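All ligand and atom numbering here is 1-based and tracks the order in the structure. No experiment lies behind these values; they were computed from the predicted model shown. The first residue in the sequence is number 1, and the count goes up from there.
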Amino acid sequence: MRTITVDLADRSYPILISNELLSEPQLRSFLAEKLSGKNLMVVADSNVAPLYLNQVCEFFQGCSAKKVVSAVFTAGEVNKTLGTVASLYQEFLDARLDRTSVICALGGGVTGDMVGFAAASYMRGVPFIQMPTSLMAFVDSSIGGKTGVDLPVGKNLVGAFHQPLAVVSDTSFLKTLPEREFRCGLAEVVKYAMIFDSSLLTWLEDVSASIMNRELELLTKMVETCSYWKARTVSEDEREKGGRALLNYGHTFGHAIEVLGEYSSLNHGEAVAIGMSMAADLSVELGMIEPEVRDRQERILERFGLPVRSGLPEEKTKEVLQKMFADKKVEGQQLRLVLLDALGHSLVVRGVDLGLIENAIRGRMGDGCP
Ligand SMILES: NC(=O)c1ccc[n+]([C@@H]2O[C@H](COP(=O)([O-])OP(=O)(O)OC[C@H]3O[C@@H](n4cnc5c(N)ncnc54)[C@H](O)[C@@H]3O)[C@@H](O)[C@H]2O)c1
Ligand SMILES: [Zn+2]
């Protein structure tokens, strides 16, 4: 078992990682200390529940919890809403959860974000545990305490910072993740390589075939490296006043594309892959990186089966730009964009010429077919 700490003074917590974590005695003793005599509710979505909910509830039963109950909601980003949160509150009330209880979010980013937000707000905040099951959740969404739900006009517009008690990362869950979801998580992995860690990119290039075959040892190492970068970023800048903004690489473009597709045609990771392609083009255009850096990003994204073009018609270019201004991270009327200034290094740039941004978007519209 590897432990990486998110260092936030009295709200510090560990990310515990192994490919057979639930059978590690060390994990049991760590959790027994946190859960002894407490009621616990495990919440999962309708895809993850039939696969793992019983196993996880039994596991927690063995960690000295007083009573372990569970709740299930219908899977999907479209259900990451205040309506689903309201139904979770009802489940919490029915199970008589109070502020001494603990909630566990077992699932992908939708589950972690929404259950985390329900935990942040129910009775003004109850402790929760993140137990990721999707690659997106392992490497990104389960770490850092950002919780929330979507509104019809945009993603993650309602939320709270609420750090978990622990992130329990058993990478064996990745065996059942659908192929498309797996590839989407890889978009975030490529993101860490491009903005922070050139040696991660070189390693990914070397082992990409084994990663695609889901060799568990390699997936575990990959999750460890990404967890390290996420934990370090959050530890230095919990509230996104500085360095945490770098994690938005590809996301300002990506969110706009995701919203234009009304959350359906592209999922988060695919939109981020396209967004990173636009951001890298813009970095080249501004003379900040050599085209070779952009090309290496493009090759690894393609090897991971990720799109590098939006598939939207070119006429939608201006709409994408407008949606970028609707993003909650826009300060005044200035877009803050994360761009690359070297392989494995990034910075936030303000006030980039709108014409150049528009060109970067236009260059990645369509599906690339003549
Ligand atoms: N809080 C943050 O910092 C943060 C960061 C990145 C992304 N996010 C959010 O995360 C969400 C995307 O996360 P996601 O891609 O995990 O979506 P998701 O939770 O919908 O999971 C993707 C799909 O995979 C299924 N699934 C998950 N684990 C499985 C497993 N082990 N076996 C079989 N099926 C499994 C789910 O049921 C779902 O159908 C978005 O809402 C995004 O906004 C949040
Ligand atoms: Zn993301």
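Protein heavy atom in closest approach to atom 22 (C) of ligand 1: E181 OE1, 3.3 Å. Looking only at protein heavy atoms, the nearest one to atom 39 (O) of ligand 1 is N47 ND2, 2.9 Å. For atom 9 (C) of ligand 1, the closest non-hydrogen atom of the protein is D113 OD2, 3.4 Å. The nearest protein atom to atom 16 (O) of ligand 1, hydrogens excluded, is given as S134 OG, 2.5 Å; this is a heavy-atom distance. For atom 4 (C) of ligand 1, the nearest protein heavy atom (residue, atom name, distance) is S141 CB, 3.3 Å. The protein heavy atom nearest to atom 10 (O) of ligand 1 is G109 CA, 3.3 Å. Atom 36 (C) of ligand 1 has as its closest protein heavy atom D45 OD2, 3.3 Å. Of the protein's heavy atoms, L177 CD1, 3.6 Å lies nearest to atom 35 (C) of ligand 1.
Put simply, CD on E20 and CG on L216 are 9.0 Å apart, with the number rounded to the nearest 0.5 Å. For the atom pair H251 NE2 and E258 CD, the distance stands at 8.5 Å (nearest 0.5 Å). Taking NZ of K146 as the reference point, atom CG of L247 lies at 7.5 Å (rounded to 0.5 Å).
By heavy-atom distance, the residue among E258, M136, K191, R244 lying nearest atom 15 (O) of ligand 1 is M136. Nearest to atom 40 (C) of ligand 1 by heavy-atom distance, out of E77, H268, M114, is E77.
Without hydrogens or angle criteria, N39 side chain to S101 main chain gives no donor-acceptor distance under 3.5 Å. Formation of a donor-acceptor pair under 3.5 Å by the S283 side chain with backbone atoms of L340 is found in this model. The main-chain N or O of S12 is never found under 3.5 Å from a side-chain atom of Q163 such that the two would form a donor-acceptor pair.
Counting the atoms of ligand 1 from 1 in the order shown, those under 4.0 Å from a heavy atom of K155 are 40 (C), 41 (O), 42 (C), 43 (O). Close approach of ligand 1 to D140 (heavy-atom distance below 4.0 Å) involves ligand atoms 5 (C), 6 (C). Listed by number with element, the atoms of ligand 1 under 4.0 angstrom from any heavy atom of T176 are 30 (C), 31 (N), 32 (N), 33 (C). Near K230, with a cut-off below 4.0 Å to any heavy atom, the atoms of ligand 1 are 3 (O). Numbered from 1 in the order shown, with element, the atoms of ligand 1 that lie under 4.0 Å from a heavy atom of N156 read 43 (O). For ligand 1, the atoms sitting less than 4.0 Å from at least one non-hydrogen atom of G108 are 16 (O), 19 (O), numbered in the order shown with element in parentheses. Under a 4.0 Å criterion applied to the non-hydrogen atoms of Y52, ligand 1 contributes the atoms 31 (N). Remark: ligand 1 atoms within the under-4.0 Å shell around heavy atoms of P178 are 33 (C), 34 (N).
Residue-level proximity to ligand 1 for V110 is carried by backbone and side chain together, each with a heavy atom below 4.0 angstrom. Looking at K146 against ligand 1, both its backbone and its side chain come within 4.0 Å, counting heavy atoms. Residue-level proximity to ligand 1 for L51 is carried by the side chain, the only part with a heavy atom below 4.0 angstrom. Contacts between K175 and ligand 1, counted as non-hydrogen atom pairs separated by less than 4.0 Å, are absent for every part of the residue. In T133, the parts holding a heavy atom less than 4.0 Å from any atom of ligand 1 are both the side chain and the backbone. Under 4.0 Å from ligand 1, not a single heavy atom of I143 appears.
Contact between V259 and V153 at its shortest, heavy atoms only, is CG1-O, 4.4 Å.
The closest side-chain donor-acceptor pair between E181 and S134, if any, does not fall under 3.5 angstrom. The closest side-chain donor-acceptor pair between T202 and S199, if any, does not fall under 3.5 angstrom. Donor-acceptor pairing under 3.5 Å is lacking for the side chains of H268 and E77. Side chains of D98 and T100: a donor-acceptor N/O pair is present below 3.5 angstrom, by distance only. For the residue pair N54 and E58, no side-chain donor N or O sits within less than 3.5 Å of a side-chain acceptor on the partner.
The aromatic ring centres of F117 and H162 sit 6.0 Å or more apart. Annotation: W229 is not in aromatic contact with Y192 [ring centroid separation under 6.0 Å not met].
Between A137 and ligand 1, no pair of N/O atoms sits closer than 3.5 Å.
Residues T225 and F196 have side chains not in contact (no heavy-atom distance under 4.5 Å, counting atoms from C-beta outward). No side-chain heavy atom of F59 sits under 4.5 Å from any side-chain heavy atom of V42.
When hydrophobic clusters are built by joining Ile, Leu, Val, Met, Phe, Trp and Tyr residues whose side-chain heavy atoms come closer than 4.5 Å, directly or via intermediates, F92 is not grouped with L53.
Listing protein N, O or S atoms at distances below 2.8 Å from the Zn ion (ligand 2), with waters left out, gives E188 OE2, H251 NE2, H268 NE2.
Taking 4.0 Å as the cut-off, G144 does not count as a neighbour of ligand 1 on heavy-atom distance.
S121 meets the side-chain hydrogen bond (donor to acceptor under 3.5 Å, both in side chains) test with Y89; sequence neighbours excluded.
Of the residues T176, D170, T133, N47, the one that meets the side-chain hydrogen bond (donor to acceptor under 3.5 Å, both in side chains) test with Y52 is T176.
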